[in-house]
Amino acid sequence: MADEPDSQQQGLSADFNRTAIALARNPLGIIALFIVLVYAFAAISISVPNDIDGYDLTIIVAFLATFPFVVLWAFVHLVAKYPKNLFGPGDFKDPKDYIAMMEQAATLAAATASAPVIAGEAAPSTETIAQESVSTVRRVALQSWTRDKQQAKSVLWVDDHPENNANLQRTFEKFNIRITSAVSTEQALRLAGSSGFDAIISDLGRGAETEAGFALLEELNKRGSRTPFFIYTVREDPQLRERASKLGAQALTRSATKLLEGVSAALAS
């Protein structure tokens with residue numbers, strides 16, 4: 001009988017160890033573990049007979065009363081400002097999914113960082129690029145076809161300098177999207193006529209043709225094409241966006257994250 005308390009204590013210790021290991025798998029769990037430990041120490045200090053005087057006891061009680069509000073404020077702040085950073089590999093059914101997501105976010109961030117900055121505009125911070133990339137990757141990954149090779153999508157990408165889009169194209173390919181490249185309007189029209197693409201991405205200017213993207217879209221419209229069309233260009237302004245919209249383009253953007261999200265939404269519809 002004397003061994004029963006020891007056995008119970010060992011059982012509780014083992015349960016706590018398992019809980020601690022489970023909680024330590026992501027940032028929110030670590031916060032929860034910290035809260036549990038703080039309350040445990042405080043409870044022990046109050047319940048175990050000791051020499052704590054009235055003043056010290058008042059401080060401990062006041063701490064226990066106010067600590068939940070501090071934790072609530074910290075939790076709201078973290079969720080509101082850093083929602084993408086509160087997950088770890090243990091939150092995914094397969095750790096490979098977590099690794100894949102990080103690789104997708106890395107290539108998307110590289111594509112965003114390598115984009116030219118418009119004169120007079122400040123370049124986005126590394127933190128901003130990383131957060132936007134992770135957020136975009138998470139949303140796109142919700143589409144079931146991104147994980148099923150039998151549902152692979154096909155995109156025609158028209159650009160006379162395809163090497164400029166290498167990082168972004170790798171991101172698309174990681175999402176189960178096959179890329180076919182064309183370097184001219186003529187080649188794009190031949191490919192579009194002979195193969196069925198789920199979407200078309202084009203730059204705006206090619207060589208001396210400053211509006212080659214619009215010309216391609218107009219020709220496709222004449223041929224009755226209903227393929228979702230996106231213009232990816234550094235020349236983004238309200239007038240160009242309005243013209244692209246009138247011609248039937250889904251979007252005109254210089255944002256790699258907006259392009260990926262827009263194309264994925266079109267492919268899902």
Side-chain angles (χ1 to χ4, degrees), residues 107-125 128-129 132-133 136 140 153-175 177-267 269:
T107 54
L108 181 57
T112 302
S114 62
V117 179
I118 303 300
E121 291 188 6
S125 67
T128 298
I129 291 175
E132 288 183 354
S133 298
T136 299
V140 174
K153 304 297 183 178
S154 180
V155 169
L156 175 62
W157 199 310
V158 190
D159 195 311
D160 55 342
H161 292 285
E163 67 277 3
N164 293 342
N165 305 311
N167 285 319
L168 188 51
Q169 287 184 0
R170 278 195 289 271
T171 305
F172 274 72
E173 289 167 351
K174 289 179 184 294
F175 278 114
I177 301 173
R178 294 192 300 266
I179 301 295
T180 300
S181 292
V183 296
S184 67
T185 298
E186 293 74 20
Q187 183 185 13
L189 289 171
R190 287 197 303 271
L191 289 170
S194 61
S195 303
F197 293 98
D198 298 299
I200 298 174
I201 301 171
S202 174
D203 56 355
L204 182 56
R206 288 189 285 277
E209 300 178 75
T210 59
E211 296 186 348
F214 288 149
L216 173 59
L217 179 54
E218 288 175 336
E219 184 60 33
L220 288 170
N221 289 339
K222 291 178 183 177
R223 299 185 182 192
S225 173
R226 294 294 180 266
T227 305
F229 194 96
F230 297 82
I231 298 177
Y232 184 48
T233 175
V234 295
R235 294 162 51 202
E236 181 182 9
D237 61 51
Q239 291 77 21
L240 291 175
R241 283 199 300 271
E242 182 179 0
R243 184 177 175 189
S245 178
K246 287 181 178 179
L247 288 173
Q250 271 60 41
L252 181 149
T253 182
R254 61 187 176 94
S255 166
T257 54
K258 289 181 180 178
L259 179 66
L260 176 59
E261 258 194 294
V263 171
S264 69
L267 295 178
S269 61

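For the residue pair Gln187 and Ala182, the shortest heavy atom distance occurs at OE1-CA, 3.4 Å. Scanning both residues, Ala188 and Leu156, for their nearest heavy atoms gives O-CD2, 3.7 Å. Shown here for Ala199 and Leu267, the closest heavy-atom pair between the two residues is CB-CD2, 4.1 Å. In terms of heavy-atom proximity, Val234 sits nearest to Arg254 at O-CD, 3.5 Å. The shortest heavy-atom contact between Pro162 and Ser181 is CB-OG, 4.5 Å. Across Leu217 and Ala244, no two heavy atoms sit closer than the pair CD2-O, 4.3 Å.
There is no side-chain donor-acceptor pair under 3.5 Å between Thr253 and Ser255.
The backbone N or O of Arg241 sits nowhere less than 3.5 Å from a side-chain atom of Ser245 that would complete a donor-acceptor pair. Using modelled atom types, one side-chain atom of Gln250 and one backbone atom of Phe229 make a donor-acceptor pair closer than 3.5 Å. Checked by atom type and distance alone, the side chain of Asp237 pairs as donor or acceptor with a backbone atom of Leu240 at under 3.5 Å. Between the side chain of Arg223 and the main chain of Gly193, no donor-acceptor pair closer than 3.5 Å is present. In terms of modelled atom types and a separation under 3.5 Å, the side chain of Ser264 and the main chain of Glu261 share a donor-acceptor contact. With hydrogens and angles ignored, the 3.5 Å screen pairs a side-chain donor or acceptor of Asp198 with a backbone N or O of Ser154.
In this structure, the side chains of Asp159 and Tyr232 stay at 4.5 Å or more apart for every pair of heavy atoms. Under the 4.5 Å side-chain criterion, counting only non-hydrogen atoms from C-beta, Phe175 is not in contact with Val263. Using a 4.5 Å heavy-atom cutoff, the side chains of Thr185 and Val158 are not in contact. The shortest side-chain heavy-atom distance between Ile177 and Trp157 does not fall under the 4.5 Å cut-off.
Remark: Thr107 OG1 to Leu260 CG distance equals 9.0 Å, nearest 0.5 Å. Here the OG1-CD1 distance, from Thr171 to Ile179, works out to 10.0 Å after rounding to the nearest 0.5 Å. Atoms CD1 and CD, on Ile231 and Glu236 in that order, are 11.0 Å from each other to the nearest 0.5 Å. Here Leu252 contributes atom CG and Lys258 contributes atom NZ; the two are 11.0 Å apart, rounded to the nearest 0.5 Å. To the nearest 0.5 Å, atoms CG (Leu204) and CD (Glu209) are separated by 11.0 Å. In this structure, CZ in Arg226 is found 7.0 Å from CG in Asn221, a value given to the nearest 0.5 Å.
Residues meeting the side-chain contact (heavy atoms from CB on, under 4.5 Å) test with Arg243, sequence neighbours left out: Glu211, Phe214, Glu218, Leu247. Residues satisfying the side-chain contact (heavy atoms from CB on, under 4.5 Å) criterion with Ser225, sequence neighbours excluded, are Leu220, Thr227. By the side-chain contact (heavy atoms from CB on, under 4.5 Å) test, Ala266 is found to be paired with Pro228, Phe230, residues two or more places apart in sequence or in another chain being considered.
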Tell me, with the steps shown, if Arg190 and Glu186 meet salt bridge (Lys or Arg N to Asp or Glu O under 4.0 Å).
CA-CA 6 Å; Arg190 287 197 303 271; Glu186 293 74 20; over 6 Å; no
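If you run side-chain contact (heavy atoms from CB on, under 4.5 Å) between Val155 and each of Ile201, Ile200, Thr180, only Ile201 comes through.
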